[in-house]
Amino acid sequence: MTLPTLYIRPLMEESEAAAWATSEELCQAATFPLEQRRREFLTWRAVVREVLGREVRIAYNELGAPFLPDQEAYISVSHSGDRVAVTIAERPTAVDLERTDRRFQRILHKYLTPEEQALSDDPHFPAVAWCAKEAVYKWAGIRALGFEEVQICSFAEDRLMVKIRGGEPIELAVRKVDETYMAVYL
């Protein structure tokens with residue numbers, strides 16, 4: 001399977017990102033009370049259009065996931081802190097981006113079984129596991145899919161395998177962005 005192209009960028013200033021947005025998107029962004037949320041919304045659109053062209057139309061499916069109705073490409077988006085992550089691929093794709101300093105240990109028992117926790121003692125594994133399950137949730141498009149239904153089977157430094165409801169293994173790529181961010185995508 002060919003991996004999607006992953007783009008991770010710092011949030012753009014609103015005025016810079018706005019140059020890539022449609023008038024409808026600018027109106028929608030203006031309804032967000034927080035500047036951070038406006039910058040996230042506008043930045044990932046700028047990344048998509050920088051890669052695929054200014055005229056790319058972006059829409060949302062029934063689950064609220066972005067898609068490109070006029071393109072033979074798939075996208076996925078995530079944002080965390082001052083970064084956005086976008087994957088662009090020829091087949092369905094998904095990405096999740098998280099800060100590694102988020103306190104995952106507090107909720108580890110909610111999203112990892114004891115068997116999954118035993119897969120790695122890497123201090124970033126809780127962030128990787130969270131990102132993996134979030135990315136698989138987006139990719140599967142199953143509204144009621146729970147963390148317990150996505151099983152992490154194996155983990156290596158830059159790859160992990162998961163199964164959805166005991167099905168066929170799915171490979172995800174792991175990218176440590178820097179000491180602060182981790183992205184997982186498929």
Side-chain angles (χ1 to χ4, degrees), residues 1-11 37 40-52 56-100 102 104 107 110-112 116 119-120 124-177 180-186:
M1 173 165 108
T2 304
L3 286 174
T5 304
L6 174 65
Y7 302 90
I8 299 173
R9 303 277 171 79
L11 294 182
R37 178 68 185 103
E40 291 165 353
F41 179 85
L42 295 170
T43 297
W44 75 257
R45 283 164 171 73
V47 172
V48 169
R49 292 187 175 118
E50 183 182 329
V51 173
L52 298 176
V56 169
R57 194 163 63 94
I58 298 169
Y60 290 90
N61 68 19
E62 64 280 354
L63 296 174
F67 74 100
L68 308 173
D70 305 326
Q71 300 285 315
E72 292 186 23
Y74 296 86
I75 62 169
S76 182
V77 176
S78 184
H79 42 80
S80 180
D82 65 350
R83 304 280 174 94
V84 297
V86 176
T87 52
I88 301 175
E90 296 173 353
R91 58 183 71 172
T93 183
V95 63
D96 194 55
L97 174 74
E98 293 289 342
R99 291 183 58 95
T100 56
R102 185 172 163 191
F104 290 101
I107 58 170
K110 293 183 179 185
Y111 70 96
L112 288 179
E116 290 172 319
L119 289 173
S120 177
H124 292 122
F125 181 68
V128 170
W130 178 273
C131 287
K133 291 193 177 201
E134 286 286 333
V136 168
Y137 178 81
K138 292 176 184 181
W139 179 81
I142 302 170
R143 189 178 298 273
L145 187 66
F147 278 137
E148 70 282 354
E149 296 176 287
V150 178
Q151 176 193 10
I152 299 175
C153 305
S154 65
F155 170 65
E157 186 175 324
D158 64 347
R159 298 268 186 265
L160 64 131
M161 300 295 284
V162 302
K163 291 182 181 181
I164 300 172
R165 298 178 175 159
E168 293 297 313
I170 303 165
E171 183 178 44
L172 291 89
V174 177
R175 170 93 50 90
K176 186 176 179 185
V177 180
T180 312
Y181 290 95
M182 185 71 62
V184 176
Y185 62 105
L186 71 152

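These numbers come from a predicted model, not from an experiment.
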[X] side-chain N/O to [Y] backbone N/O, donor-acceptor pair under 3.5 Å:
X: Tyr185; Y: Leu97; value: no
X: Arg49; Y: Val56; value: yes
X: Ser76; Y: Thr87; value: no

Do you know which two heavy atoms are closest between [X] and [Y], and how far apart they sit?
X: Pro66; Y: Ile58; answer: CB-CG2, 4.3 Å
X: Tyr137; Y: Arg143; answer: OH-O, 2.8 Å
X: Ile170; Y: Leu172; answer: O-CD1, 3.6 Å
X: Phe125; Y: Glu116; answer: CE2-O, 3.3 Å
X: Val184; Y: Ala132; answer: CG1-CA, 3.8 Å

Rounded to the nearest 0.5 Å, how far does CD1 of Ile75 lie from CG of Leu52?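 Rounded to the nearest 0.5 Å, the CG-CD1 separation comes to 8.5 Å.
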Please confirm whether Arg37 makes a cation-pi placement over Phe41, using NZ or CZ under 6.0 Å from the six-membered ring centre and within 45° of the ring normal.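 Judged by the rule (NZ or CZ under 6.0 Å from the ring centre, within 45° of its axis), Arg37 is not positioned above Phe41.
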With a sphere of 6.0 Å drawn around CH2 of Trp44, does it hold more than 12 non-hydrogen atoms of other residues, nucleotides or ligands?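 Yes.
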Please list all pairs passing the salt bridge (Lys or Arg N to Asp or Glu O under 4.0 Å) test where one or both residues lie in residues 61-86, with sequence neighbours left out.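 Found Arg57-Asp70, Arg83-Asp178.
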Check residues 147-158 and write down every donor-acceptor pair under 3.5 Å in which the side-chain atom is one partner and the other belongs to a residue at least two apart or another chain.
unit_1, atom_1, unit_2, atom_2, d
Glu149, OE1, Gly146, N, 2.7
Glu149, OE2, Arg165, NE, 2.7
Glu149, OE2, Arg165, NH2, 3.2

Mind running side-chain contact (heavy atoms from CB on, under 4.5 Å) on Leu186 and Glu171 for me, showing each step along the way? CA-CA 7 Å; Leu186 71 152; Glu171 183 178 44; over 6 Å; no
Taking the inter-plane angle between the rings of Phe104 and Trp130 on a 0 to 90° scale, is it parallel (under 30°), tilted (30 to 60°) or perpendicular (over 60°)?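 Tilted, since the angle between the ring planes falls between 30° and 60°.
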